[in-house]
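As structure tokens, the structure follows; a few thoughts come after it.
Since the structure is predicted, the reported quantities are computational estimates derived from the model, not experimental observations. By convention in this document, chain letters (A, B, ...) are assigned in the order of the sequence lines, proteins followed by strands, and residues within each chain are numbered from 1.
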Protein chains: 2
Amino acid sequence: MSTFTSKDVARLAGVSQSTVSYVMSGKRPISDETRRRVLDAIDRLTYEPNAGARALASQRTTVVGLVVPFGVGVDTTGLLPFIETIAGVARTRDHDVLLVTADEGSAGIRRLAGRSLCDAIILMDLQTVDDRLAVAANVRTPVILIGVPADPHGMHCVDLDFAEAARLAVGELAATGHDRLALIGHPADIVHRDLNYVRRFADAARAAADAHGLPLEVIAPVEWGREAARGAAARLAAIEARRLGVVVPASNTVQPLLHALNARGLVPGRDLSVIGLLTDAAAAEAEPPVTNVSLEPRDVSRRAMETLFRLLEDRTAPPRIDLITPKLTRRQTVLPGP
Amino acid sequence: MSTFTSKDVARLAGVSQSTVSYVMSGKRPISDETRRRVLDAIDRLTYEPNAGARALASQRTTVVGLVVPFGVGVDTTGLLPFIETIAGVARTRDHDVLLVTADEGSAGIRRLAGRSLCDAIILMDLQTVDDRLAVAANVRTPVILIGVPADPHGMHCVDLDFAEAARLAVGELAATGHDRLALIGHPADIVHRDLNYVRRFADAARAAADAHGLPLEVIAPVEWGREAARGAAARLAAIEARRLGVVVPASNTVQPLLHALNARGLVPGRDLSVIGLLTDAAAAEAEPPVTNVSLEPRDVSRRAMETLFRLLEDRTAPPRIDLITPKLTRRQTVLPGP
DNA sequence: TTGAAAGCGTTACCAC
DNA sequence: GTGGTAACGCTTTCAA
């Protein structure tokens, strides 16, 4: 499979190289006859334009850079739907996705932009205050943030509305007559990295609990895994309440916690209530199916990509904070209202 | 943040453009003094070489193409460790990863190779007989397969040794005195797509059972999810055996099956045995911790990348089939030997 | 040890 | 509606 250039196509079609280019890009009217012959030649040679040359000449790569939280010692559960959706949308717009690991820090962003490796960048897993933001904001390549940092530096942000998520959870527990709430903290590494959504959720939960006149206790950071879940269950068991409502914002602590509660004879949905923040798929497959506020990684990603392509077409689009509204689905872990 | 070229660096350092290039590549001896001045200039301009231009001139992209099974309606659980490891290794070798979704089929491979988007391709999620192989084998860009198809078309293959995995599982159940075995089939979509490892595992399991003189029953394809697991549990409950050993090769049916068995009062590790094929991490976090044969996605990926870079350095390296040996870890779901 | 200059394969401007 | 040609920014051969 030897590789042909647009020159070969031009020769075979009996036209100039520029005509070949214009046929492919559609940036100039071409007679039907010429187009036919060029397309035919392209077909016969299975010609593919060289990406490097094209990028060099056109200043466009048709590549989206995606900075993923790999190698920063962070739990990557739940990341796949983001990557999958971003790659899918990119493809429908004839773009590819270049993966950059977050362990490079700002250097990765500088490289992506400086070397013109992509036309736009998606940056996720943001800390509330994140070193990379200053770099990202000063780069020629447009950057979309998934997450809402304290200061977005004028960049576009897309994320789940974590505050609304907290309000939904607390509201549901209030409506079903709970007299006491517990909020399970995120694992220490998450808290320590001060990921932006942790705060957004916790603050709103506290505010909502206040608004409903409900006492809310924060069960300090719970680690991943079975042991930690047991500890948390023990602390929950010690809480004195008529109807206790537990809110669990870290998706992958939900299942272990349900188990640990069960093991203590505390059945969620019978003896106390649990609402988790996790995707509908995960909530439905949990044991038992857990009442949840949805995480919607696909919607968030889709929206981020829409913003990205809008920005690529119109660089003047005003920056905005775009929040996806989660929804609550009642399953089996919340006590029915009195 | 305006962007500089190597010409700017050359001017600032008072050398020629080619010298800048040679300083960066190390392909020619440079005097210390010159090198210092060039590096200094690079630093002061925060110069980054343009990737397109570099690729065009050098015929090298420092990009690895990764074809992932997105958008083909296949379950992507367990994919993340592959992507993560591949991206990580790529970075240590100064390469980036370009993600291509499998829904493009052979077209994706043709595009990757034809446009010179990458230096090498990793193809995963192979069917036993896969359309894409013929294309992949005839492309200028070297292709590494993760998986072992019926005919590798001369390409390098890396994968877990699924046959050995089956032998380990069956051997353990034989050694612990089981008199009857059941093999849970993969979900229909997996079987239907005829993914290469399904067959490799099942055939070896059958052979091993024969060798141990144990009857092995295949519980026909079980779908994902709670309901399907219940059905499988019912069928297992109906099997007459003194000591029944169950082998579950589809990682994400393990946990639902454990639940379903428990719900029927059949406690794995007490009333019957279950060995799953899943990562050690997943096995340890399962409820209860499940005796497992490890999947080792990271080792497989790492090995694939080693092969890839070896191939990039020496295109004559003979193709080989490189199988990673799984290991068995005893946890709580296998009856102790008699 | 260094420099000059010829490509690499496109795109897009300027002519016609 | 089409062709010629100058960029694009780098690598690498050829010369010195």
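- Side-chain atoms of B:V100 and B:L117, non-hydrogen and from C-beta on, never get closer than 4.5 Å to each other.
- For A:F4 and C:dT10, the CZ to C1' distance is 18 Å, given to the nearest whole Å.
- For the pair A:K7 NZ and D:dG4 P, the computed distance is 12 Å after rounding to whole Å.
- A donor-acceptor pair shorter than 3.5 Å can be found between the side chains of A:T34 and A:S31.
- For the pair B:S6 (side chain) and B:Q17 (backbone), a donor-acceptor distance under 3.5 Å is absent.
- A donor and an acceptor atom sit less than 3.5 Å apart, one in the side chain of A:S18 and one in the base of D:dG4.
- As judged by a 4.0 angstrom heavy-atom cut-off over every strand, B:Q17 is placed among the base-contacting residues.
- Under 3.5 Å, the side chain of B:Y47 and the base of D:dC10 form no donor-acceptor pair of N or O atoms.
- Atom pair A:R35:CZ and D:dG1:P shows a separation of 9 Å (rounding to whole Å applied).
- No engagement by B:S25 is indicated, since no non-hydrogen atom pair under 4.0 Å with the nucleic acid exists.
- Taking 3.5 Å as the limit, the base of C:dG3 and the side chain of B:R11 contain no donor-acceptor pair of atoms between them.
- Partner B:E48 forms a salt bridge (Lys or Arg N to Asp or Glu O under 4.0 Å) with one of A:R111, A:R110, A:R140, A:R115 and no other, that one being A:R115.
- Proximity of A:S58 to the phosphate of C:dT11: no side-chain N or O atom is located under 4.0 Å from OP1 or OP2.
- Around CZ of B:R44, the count of heavy atoms belonging to other residues, nucleotides or ligands within 6.0 Å does not exceed 12.
- Look at CE on A:M24: it is 17 Å from P on D:dT2, rounded to the nearest Å.
- Of the candidate nucleotides D:dT2, C:dT1, C:dT11, D:dT2 has the atom lying nearest to any side-chain atom of A:I30.
- Rounded to an integer number of Å, the gap from A:K27 NZ to C:dC13 C1' is 12 Å.
- Among the protein residues, A:V15 comes within range of the sugar-phosphate backbone only, with heavy atoms under 4.0 Å from sugar or phosphate atoms but none that close to a base.
- Distance from the side chain of B:A53 is smallest for D:dC10 among the nucleotides C:dT11, D:dC10, C:dG3.
- Side-chain nitrogen and oxygen atoms of B:S16 include at least one within less than 4.0 Å of the OP1 or OP2 phosphate oxygen of C:dG3.
- Taking the nucleotide of DNA chain C with the nearest heavy atom to each of A:T19 and B:G14, the more 5' of the two is matched to B:G14.
- Here the nucleotide nearest the side chain of B:N50, chosen from D:dC10, D:dG3, C:dT10, is D:dC10.
- For the pair B:R37 CZ and C:dT1 P, the interatomic distance rounds to 15 Å; values are reported in whole Å.
- For B:R54, counting side-chain heavy atoms from C-beta on, the closest listed nucleotide (C:dT11, C:dG3, D:dC10) is D:dC10.
- Panel note: side chain A:D119, backbone A:T62; a donor-acceptor pair is recorded below 3.5 Å.
- Atom P of nucleotide D:dA7 and atom CZ of A:R60 are separated by 23 Å, given to the nearest angstrom.
- No hydrogens or angles considered: a donor-acceptor pair under 3.5 Å links the side chains of A:S16 and A:T19.
- Each of D:dG1, D:dC10, C:dA12 was ranked by its minimum atom distance to the side chain of A:S31; first place goes to D:dG1.
- Looking at B:R28, its side chain comes within 3.5 Å of the base of C:dT2 through a donor and an acceptor atom.
- Regarding B:R115, its CZ atom lies at a distance of 16 Å from the P atom of C:dG9, rounded to whole Å.
- For B:A57, the listed nucleotide lying nearest its side chain is D:dG9; candidates were C:dA4, D:dG9, C:dT10.
- The nucleotide whose nearest atom lies closest to any side-chain atom of B:L56 is, among C:dT10, D:dT12, D:dG9, D:dG9.
- In this structure, A:E48 reaches the sugar-phosphate backbone alone: every heavy-atom distance under 4.0 Å involves primed, P, OP1 or OP2 atoms, never a base.
- When distances are taken from the side chain of B:P29 to each of C:dT10, D:dT12, C:dT1, the shortest belongs to C:dT1.
- Nucleic acid contact for B:T5: sugar-phosphate only, since backbone atoms but no base atoms lie under 4.0 Å from a heavy atom of the residue.
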